[in-house]
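Below is one structure, written out as structure tokens; comments come after it.
Sequence lines set the chain letters: A, B, ... in the order given, protein chains first and strands last, and positions in each chain run from 1. All values derive from a computational prediction rather than experimental measurement.
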Protein chains: 2
Amino acid sequence: MKKQRVSLDDIARSVGVSKAVVSLVMNGKAEQYGISERTRIRVLDRARDLNYKPNQLARGLRLGYTNTIGLIVSDISNSFYAAIARNIEDLAASVGSNVIICSTDEDIEKERKLIKLLRNRQVDGIILSSSQENAEELRNYYSDGLPLVLIDRCFENSGIPSVVVDNFNGGKQIAEHLSKSGFQKPMVLTLSTSHISTVKHRVEGYKYAWQQKGVKIDTVEIPFGDISGAVSELLMTRFKQNFMPDCLFAVNNNLATAVLQSCNNLGIRIPEDMALTCFDDLPYFSFIKPSVTAVSQPISDICTQAFEILMHQIKQEEIEGLGKLSVLSIVLNIRDSSRFVIPSDSEESKILKDK
Amino acid sequence: MKKQRVSLDDIARSVGVSKAVVSLVMNGKAEQYGISERTRIRVLDRARDLNYKPNQLARGLRLGYTNTIGLIVSDISNSFYAAIARNIEDLAASVGSNVIICSTDEDIEKERKLIKLLRNRQVDGIILSSSQENAEELRNYYSDGLPLVLIDRCFENSGIPSVVVDNFNGGKQIAEHLSKSGFQKPMVLTLSTSHISTVKHRVEGYKYAWQQKGVKIDTVEIPFGDISGAVSELLMTRFKQNFMPDCLFAVNNNLATAVLQSCNNLGIRIPEDMALTCFDDLPYFSFIKPSVTAVSQPISDICTQAFEILMHQIKQEEIEGLGKLSVLSIVLNIRDSSRFVIPSDSEESKILKDK
DNA sequence: AAAAGCACCTAAATCGATTTAGATATTTTT
DNA sequence: AAAAATATCTAAATCGATTTAGGTGCTTTT
């Protein structure tokens, strides 16, 4: 019942050759090293019979690589990152690698620990959606020789290869769409982790476009934690103060979901009472009533590019423009949640009718 | 620019002691082995200065364990499994372990490869949601000494510790709820991978309860792949044949989402034209219109139990009832999508009005 | 002063696979 | 038949950390 591992040596002894021969045979280098066909066959047969499995720790120790890459995101249960993870997993599998996935919960200390941990495990490289405030530490890792690619979130002039989307443009397109549709009292729901590039750029793009039209924006930061509760309270308060926006931009899918939930509870109608737009498209956005206007990201492209860049680093291949920032474009899917409805006083009064 | 690793030996040489001392100090065994305080401090200082990171491959090779566990599911981008992954990750982190997550796409061959691969990597144990037809192979791994816990999906009398939910009861409760509400023409949407215990038991429970009432069930297997297209076609066909069910049970969240999407496209109203119920609760089910009746699983409990059992195996601790099947209970969340509406001819005719 | 005790540390084996320099036996060349 | 060439394989170092059985020099005991 005990785990009895079969090693190279066991096979070598059993066949009556040296470990070297077994190793060479197992790695397909028999011909190259002039191992006789007879010996080769005997080794392979015995390895199969004994159910030999090469110990990858020993192999990794000797070879200096592990065919494992690390993926660090803020929360693997967020569907955006889950999709990223799945893409990376498939890409890794295509080159015989595995992925160790870790979540940081936007905690810088946790991120630091995880990077250290993955390095100690000798991962070949790391794909990281960082929560750090700046790139200083990461730059150290990178120039230390750690193959590293940043995705989703980036830093200005970090010098670390990064693959992100055009968040500014996403926010801008949303604002332009809302403005063009006739909305006039915009709000943006952002996160307390507002130093994060994605959040920051989305908000900046949104503000920029509205400011072009000379419109002031109501900006609200939702603290990490009970997002749903905070959003609910916010909308309540704004309503009581008679200070409701006529359109809202939620900077990510979590916030959007919280808004939908709150509006449902509070009886706020979308888009009649308030339009809703957000970043990150989810499957259900397209078929619920109302369908939700959202910016979608090219997840597959992000992963393909990031993975490719990482592989180049791992293989130590020089590559043109390494260290560059790659900015992919987004698509704004306009749906019912941001359809403009001519407001009437009677409608406004229906809000919170259930309360 | 090159990765210059700092080893135990480097520190030893630099301080002027043997590797043994450094190792003992680093592992907090200095006192136990009578290392002088002065030496201890000097070693620690030097380790910090040189930014020493113990090589976990070497450590794992020597110690025989890696503080890494494997998690194999069918698709990490499915929100149910993403949530599972997150829970397991946190549990593992609490004991200093990492998780390697892999997806099988319900492919038995891929599952086989992944298990082999994880074993070669010397993971300490595996948590598996298996796609196999029977437990034969898995039993071999298990009795071979591989710490293994099955979750979500199980096998009869496998002898392998398993943590699942009461799928039969879930299906049964749904059917009873529908029947009690007044529905009479039930359908169940199941998957082509119908040998899988979850799917099988859900359908069995559903059928059992309806049969108790003497009602026949329309059962449809949706082939893997283009689920959304297949569901859409199915509903179209059934409608044309004038053979629409008045209530539907989708055996998992993917199917339910496909149904919502199709109904939206086809103009089928829920629950007026057809009620919808499903397994796996998703956040958005509770606030969309109509809200969706769904069975929710105690994900956190599943993970806690599975992880605990795995740890017992890894630590080789005898534990009462190891190898047993643990069946957790589910909760049926009754919502608007299965509210009974007295049918009228005029309403029925509205279906497909847009086509 | 020899023996014993103690504090502090070292040498070396070990985990399992890879790789290289060279050993041995056989065959071919001259 | 001796030298050279070839075919086939082996020994041993290596990756880096852990662990255990001792070793060294000092102090204390008798």
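- In this structure, A/E109 pairs ionically with A/R112, as a charged nitrogen and a carboxylate oxygen lie closer than 4.0 Å.
- Using modelled atom types, no side-chain atom of A/N78 and backbone atom of A/D75 make a donor-acceptor pair closer than 3.5 Å.
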**OP:** For the pair B/F155 and B/I160, evaluate side-chain contact (heavy atoms from CB on, under 4.5 Å) and give the outcome as yes or no after the intermediate values.
**Re:** CA-CA 9 Å; B/F155 303 95; B/I160 304 170; 5.8 Å; no
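- When DNA chain D is scanned in the 5' to 3' direction for atoms under 4.0 Å from non-hydrogen atoms of chain B, the outermost contacting nucleotides are D/dG16 to D/dT20.
- Not counting sequence neighbours, B/Q316 has no partner by the side-chain hydrogen bond (donor to acceptor under 3.5 Å, both in side chains) test.
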List the atom pairs, donor and acceptor, that lie under 3.5 Å between side-chain atoms in residues 60-73 of chain B and the rest of the protein, sequence neighbours left out.
{"unit_1": "B/T66", "atom_1": "OG1", "unit_2": "B/Q122", "atom_2": "O", "d": "2.8"}
{"unit_1": "B/T66", "atom_1": "OG1", "unit_2": "B/D124", "atom_2": "OD1", "d": "3.2"}
{"unit_1": "B/T68", "atom_1": "OG1", "unit_2": "A/R121", "atom_2": "NH1", "d": "2.5"}
{"unit_1": "B/T68", "atom_1": "OG1", "unit_2": "B/T66", "atom_2": "O", "d": "3.1"}

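- Put simply, the residue from B/S130, B/C154, B/S162 that forms a side chain to side chain contact (heavy atoms under 4.5 Å, CB included) with B/S197 is B/C154.
- Applying the salt bridge (charged side-chain N to carboxylate O under 4.0 Å, His left out) definition to pairs two or more places apart or across chains, none involves residues 91-103 of chain B.
- B/L63 comes within contact range of the sugar-phosphate backbone alone, with a heavy-atom separation under 4.0 Å but no base atom that close.
- Between B/A58 and A/R59, it is B/A58 whose nearest contact on DNA chain C lies nearer the 5' terminus.
- B/D105 is linked by a salt bridge (charged side-chain N to carboxylate O under 4.0 Å, His left out) to A/R86, B/K110, counting only residues two or more places apart in sequence or in another chain.
- Identified under the side-chain hydrogen bond (donor to acceptor under 3.5 Å, both in side chains) test for residues 48-57 of chain A, with sequence neighbours left out: A/D45-A/R48.
- The terminal axes of the helix from C/dA1-D/dT30 to C/dT30-D/dA1, fitted over 5 pairs per end, subtend an angle of 80° to the nearest 10°.
- Near-neighbour residues of DNA chain C inside residues 34-51 of chain A, defined by a heavy atom below 4.0 Å, are absent.
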I'd like a table of donor-acceptor pairs (distance under 3.5 Å, sequence neighbours excluded) in which one partner is a side-chain atom from residues 37-44 of chain B, with atom names and distances.
{"unit_1": "B/E37", "atom_1": "OE1", "unit_2": "B/R40", "atom_2": "NE", "d": "3.2"}
{"unit_1": "B/E37", "atom_1": "OE2", "unit_2": "B/R40", "atom_2": "NH2", "d": "3.1"}
{"unit_1": "B/T39", "atom_1": "OG1", "unit_2": "B/S36", "atom_2": "OG", "d": "2.7"}

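- Shown here for A/T104 and A/S131, the closest heavy-atom pair between the two residues is OG1-OG, 3.7 Å.
- A heavy atom closer than 4.0 Å to some atom of DNA chain D occurs in B/S7, B/L8, B/K19, B/A20, B/S23, B/N27, B/K29, these being the qualifying members of residues 7-29 of chain B.
- Here the P atom of nucleotide C/dG22 and the OH atom of A/Y33 are 15 Å apart, to the nearest Å.
- Note on B/Y52: only backbone sugar-phosphate atoms sit closer than 4.0 angstrom, heavy atoms only; bases stay farther off.
- Pairs passing the salt bridge (charged side-chain N to carboxylate O under 4.0 Å, His left out) check and including a residue from residues 147-157 of chain B, sequence neighbours excluded, read B/E106-B/R153.
- B/K19 meets the side-chain hydrogen bond (donor to acceptor under 3.5 Å, both in side chains) test with no other residue; sequence neighbours excluded.
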